[in-house]
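Remember, it's a predicted structure, so these values are computed and weren't measured experimentally. Reckoned from all heavy atoms, side chains included, excluding hydrogens, waters and symmetry mates.
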Amino acid sequence: NGSGKSTFVKILLHLYDPAEGSVTMNGIPMDEHSLASWRGVFKPVFQDYSTFALSVAENILMRPMRTDPEGEASDRALVEQALRESGAYERIMKMPHGMDTVLTREFDDKGEVLSGGEAQKIALSRVFASDSPVVILDEPTSALDPELTGEVLSVIRGLKSSDSTMIVVTHEMEFARSVADRVIFMANGVIEEEGTPEEVFGNPKSEILQGFLHKSLEM
């Protein structure tokens, strides 16, 4: 905690400017991209179940549904597929208005409570419905109980087969060890150690990382 993980994510999303150094994408500095084109590369999902007071479909599309028959049918098919892939389809379609249900944070418009895991699955559905090349997941399970954490991690694991690059900020060490291609361990605002899961978890060199893993995993 407090190592700079979320600050790093906000710099990637161009919400903060770096105090020093530079950020490049495909070799081009951040400030040489337009803000819209830079942010268009990234699809973020945060830890606080980022749903909005819009319909389920609009939450996933991040725009109004198209109204022409062909466009609406295409949007509905995309939303339905995204809900299936995130594991939220059955629950959403049982709501009075299905994917047209208006969400108000963690509740639907009939007073039925959406669990944190269900709300987070709707947020993850945006990833399945987008073609963003980089997905950023900033501690997407930190506010969930263990059962829901397992469900959401299973959904994230399914994203591994997509064409997107995933950047996942997580305290779930077993998950990171089993899913990641590359692990970066941050402490006190700096990268303390990085490498493959086998290197970072199997042969940690930093004393800080060794102590952290000793507390977090059965070594």
Residues passing the ring pair (Phe, Tyr, Trp, His ring centres under 6.0 Å) test with F128, sequence neighbours excluded, are none
>> Under 4.5 Å between side-chain heavy atoms, counting indirect links through other Ile/Leu/Val/Met/Phe/Trp/Tyr residues: same cluster for I167 and I184 or not?
In response: no
**Asked** Do V169 and V41 share a hydrophobic cluster (ILVMFWY, side-chain heavy atoms under 4.5 Å, transitive)?
**Response** yes
Testing the basics here: between [X] and [Y], what is the closest heavy-atom pair and its distance to 0.1 Å?
{"X": "I60", "Y": "A82", "value": "CG2-CB, 4.2 Å"}
{"X": "F175", "Y": "V168", "value": "CE2-CG1, 4.5 Å"}
{"X": "A180", "Y": "P197", "value": "O-CG, 3.1 Å"}

Show me the donor-acceptor pairs within less than 3.5 Å that the side chains of residues 6-24 make with the rest of the protein, sequence neighbours left out.
| from | atom 1 | to | atom 2 | distance (Å) |
| --- | --- | --- | --- | --- |
| S6 | OG | D138 | OD2 | 3.2 |

Side-chain heavy atoms of [X] within contact of [Y], under 4.5 Å:
{"X": "E85", "Y": "S125", "result": "no"}
{"X": "W38", "Y": "M30", "result": "yes"}
{"X": "H97", "Y": "S55", "result": "no"}
{"X": "H33", "Y": "M25", "result": "yes"}

Any Lys/Arg nitrogen of [X] or [Y] sitting under 4.0 Å from an Asp/Glu carboxylate oxygen of the other?
{"X": "K121", "Y": "E118", "value": "no"}
{"X": "R63", "Y": "E58", "value": "no"}
{"X": "E72", "Y": "R76", "value": "yes"}

Hits for side-chain hydrogen bond (donor to acceptor under 3.5 Å, both in side chains) against E172, two or more places apart or cross-chain, chain-then-number order -> none
Below 30° counts as parallel, above 60° as perpendicular, anything between as tilted: where do the rings of F212 and H171 land? tilted
Exam field: side chain E139 to backbone T170, donor-acceptor pair closer than 3.5 Å: no
We want to know whether R126 and S86 form a side-chain donor-acceptor pair, criterion being a heavy-atom distance below 3.5 angstrom.
no
